[in-house]
Each structure stands twice: as structure tokens, then as C-alpha cells.
Amino acid sequence: MRILLTGSAGFTGHYFRACAEAAGHEVLPLIADLTDKTAVAAEVAHTAPEAVVHLAAIAFVGHADDAAFYTVNVVGSMNLLDALVALPRKPRRVLLASSANVYGNCERSPISEEQAPAPVNHYAMSKLAMEHMARTYSDSLPLVLARPFNYTGPGQSSSFLIPKLVDHFARRLPQIELGNLHVEREFNDVRMVCDAYLALLDKGVPGEVYNVCSGHPYTLQAVITALEELTGHHMQVTVNPAFVRANEVHRLCGNPDKLRACTGPLPAYALKDTLSNMLAAARAS
């Protein structure tokens with residue numbers, strides 16, 4: 001397929017492009033600024049894609065400009081969908097990357113797609129707003145919504161938790177300041193997420209939402225222990241109140257049953273292997 005990809009220069013976009021091209025697809029990165037409606041329309045019309053993967057977004061929960069979440073994640077997505085609707089030949093599938101953060105602090109675990117969203121920060125709220133906005137295009141476009149749970153890998157910004165830990169261990173620093181230590185997350189490999197996106201682009205049912213997850217959460221302490229074992233290094237870990245978010249999501253673990261029923265088995269990546277790859281990349285940089 002000829003796949004139009006937004007966010008190709010970002011962390012996930014880099015891996016998805018490599019994944020898609022390795023599978024024989026042609027990937028066309030969207031260059032236009034999503035907030036520039038005219039430029040987006042012109043570029044989409046020129047590329048005439050057979051499929052679309054929309055990854056571009058402001059994804060860091062602690063981003064300083066709250067309004068930008070909505071400008072980019074909602075209005076930018078609307079500009080893209082408007083441009084796709086205007087095509088004389090519609091794409092066969094449009095995958096929109098949302099986020100498992102839309103579930104908020106959920107008592108039920110693992111979380112299935114039937115769980116009612118309850119976002120607790122602007123990032124998650126903007127993603128849920130994007131989902132609802134996108135549904136107004138359901139009669140015109142074959143939309144598939146993906147809600148990835150936490151994932152990581154080499155090249156992810158050190159503003160995110162796991163790359164920050166990896167960087168400190170790679171440099172064998174004596175201590176690290178973190179936020180809330182009592183969090184539990186899936187820390188999946190970015191390659192698993194890209195494998196899932198590519199499979200959903202082929203098999204995803206239009207109008208459906210899919211959790212992109214493994215169902216295997218880890219405590220923060222488990223990650224630290226794994227890094228200690230990989231490096232033989234131990235650090236003093238302290239809590240910096242400035243890093244503790246008021247609306248922290250304490251536990252995020254997804255139910256992958258719907259995804260697996262749709263795509264079939266996906267390649268598995270062990271957390272320790274992911275961390276080892278990240279350590280090697282950090283040491284080489």
C-alpha cells in the first residue's frame with residue numbers, strides 16, 4: 001500500500017516507517033504543519049494515499065502549553081480528516097493513534113475497550129476529544145482508532161520516564177530524582193506497537209477501537225531492578241515533589257483480547273531486551 005504517515009520524524013513514526021517499508025509498503029511522510037489547513041489539503045491531494053497512519057501529536061503529558069494539546073491533537077486531526085474526505089478516491093483504511101491515557105484512573109484491570117473513558121489531564125482529554133471529533137467522519141472514512149498503552153525504545157525523549165532512567169544508568173550517575181514511584185505501567189516495545197498498527201491497517205474493523213497492549217504491567221521498581229541487573233550499577237532514588245503530577249494515572253494495564261482476535265499473534269519483545277537495546281543506544285550516543 002501507499003501509506004501517508006503523519007509524525008514520521010517522531011519517535012514512533014521513525015519505527016513505523018521502517019516497519020512498514022520492511023513489509024513492502026511505500027511510506028509517504030506528511031510534511032505540512034497539521035495546523036495549516038490549506039497546506040495539509042494540498043499535500044494530501046497530491047499524495048492520494050491508499051492508507052493513512054496518523055501519529056503526529058503532542059504526546060508529553062507535562063507539555064507546558066495546555067492549549068497546544070487541542071490545537072494540534074484535535075484541530076490538526078480535523079484538518080487531516082477534512083483533506084482525506086475531499087479526495088476523489090478515499091483511503092482503504094485510516095488509523096488514528098489515540099492513547100490509553102483516556103481511561104484515567106481506572107479501578108478495573110486489565111482495562112478493556114468497553115471501559116468508559118475518564119481522562120485526568122489535558123493530553124488525555126485532547127485525545128478523547130480527537131476520538132469523538134473523528135467519529136463525525138465515520139460515514140465518509142474507514143476509521144480505526146488505536147489506544148496504545150505505555151511503550152518505549154531507543155530514541156525516545158529523555159523527558160519520558162524509561163529513557164530518563166536508562167540515561168542515568170548508562171552514565172552510571174550516583175542518584176536520580178523521580179516523581180511518583182508508586183505507578184504501574186505496561187512498558188511495551190515500540191516495535192510491538194508498530195507491528196500492531198500495521199496489522200490494524202490491514203485487518204482493523206472500521207469504526208472500532210483497539211487497545212494496543214500486552215496485558216503485562218511492571219512496577220517502577222521492577223524496571224529499576226532490571227536496569228541494575230543489566231548494568232551492575234545502583235543509584236539512590238529520591239522523589240522530587242516538582243515531578244509528582246497532581247492528576248497522576250496510577251495503574252495502566254490493558255486487555256489485549258480484542259487486538260489479538262483481530263490481528264492474530266504479534267511478535268513479543270521482553271522488557272529486559274528493550275532496556276538492553278536502549279542502554280546500548282545511550283552508551284553509543
Please tell me if the side chains of [X] and [Y] come closer than 4.5 Å, counting only heavy atoms from C-beta onward.
| X | Y | answer |
| --- | --- | --- |
| L200 | T263 | yes |
| T274 | I162 | no |
| P91 | L84 | yes |
| I3 | P49 | no |
| R185 | T219 | no |
| D257 | S112 | no |
| F149 | C253 | no |
| L220 | L161 | yes |

Checklist entry - Is the F16 ring parallel, tilted or perpendicular to the Y197 ring (thresholds 30°, 60°)? => result tilted
Next on the checklist: Is it the case that the ring center of H216 lies less than 6.0 angstrom away from the ring center of F187?
Outcome noted: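 No, ring centres 6.0 Å or more apart.
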Item to check | Polar side chain donor-acceptor pair, S214 to E186, under 3.5 angstrom | outcome: yes
For residues [X] and [Y], report the shortest heavy-atom separation together with the two atoms involved.
| X | Y | result |
| --- | --- | --- |
| S158 | P163 | CA-CB, 3.9 Å |
| A97 | M130 | O-CE, 3.6 Å |
| S8 | P29 | OG-CB, 3.1 Å |
| A23 | L198 | CB-CD2, 3.8 Å |
| A170 | A282 | CB-CB, 3.8 Å |
| Y103 | E113 | OH-CA, 3.5 Å |

Could you state the interatomic distance from [atom1] ([X]) to [atom2] ([Y]), rounded to the nearest 0.5 Å?
| X | Y | atom1 | atom2 | answer |
| --- | --- | --- | --- | --- |
| L30 | T47 | CG | OG1 | 7.5 Å |
| K127 | L145 | NZ | CG | 10.0 Å |
| L178 | L165 | CG | CG | 5.5 Å |
| L80 | E43 | CG | CD | 10.0 Å |

Would you call [X] and [Y] a salt bridge, using N to O less than 4.0 angstrom?
| X | Y | result |
| --- | --- | --- |
| R147 | E131 | yes |
| E50 | R93 | no |
| D195 | R191 | no |

Next on the checklist: One pair to check against side-chain hydrogen bond (donor to acceptor under 3.5 Å, both in side chains): Y137 and D82. What are the steps and the verdict?
Outcome noted: CA-CA 9 Å; Y137 294 81; D82 280 340; 2.6 Å; yes
Checklist entry - Does any N or O in the side chain of R135 come within less than 3.5 Å of the main-chain N or O of G207, such that one atom is a donor and the other an acceptor? => result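 It does hold such a pair.
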Next on the checklist: Starting from L5, can I reach L34 by hopping between I/L/V/M/F/W/Y residues whose side chains sit under 4.5 Å apart?
Outcome noted: no
Item to check | Exceeds 12 heavy-atom contacts within 6.0 angstrom, atom CZ of R108 | outcome: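 Result for CZ/R108: open.
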Checklist entry - Run the side-chain hydrogen bond (donor to acceptor under 3.5 Å, both in side chains) check on H54 and S77 step by step: do they pass? => result CA-CA 8 Å; H54 179 35; S77 299; 2.8 Å; yes
Less than 3.5 Å apart, which donor and acceptor atoms pair up between the side chains of residues 223-232 and the rest of the protein, not counting sequence neighbours?
from, atom 1, to, atom 2, distance (Å)
T225, OG1, Q221, O, 2.9
T225, OG1, Q221, NE2, 3.2
E228, OE2, H234, ND1, 3.3
E229, OE1, K272, NZ, 2.6
T231, OG1, L227, O, 2.7
T231, OG1, H233, N, 3.1

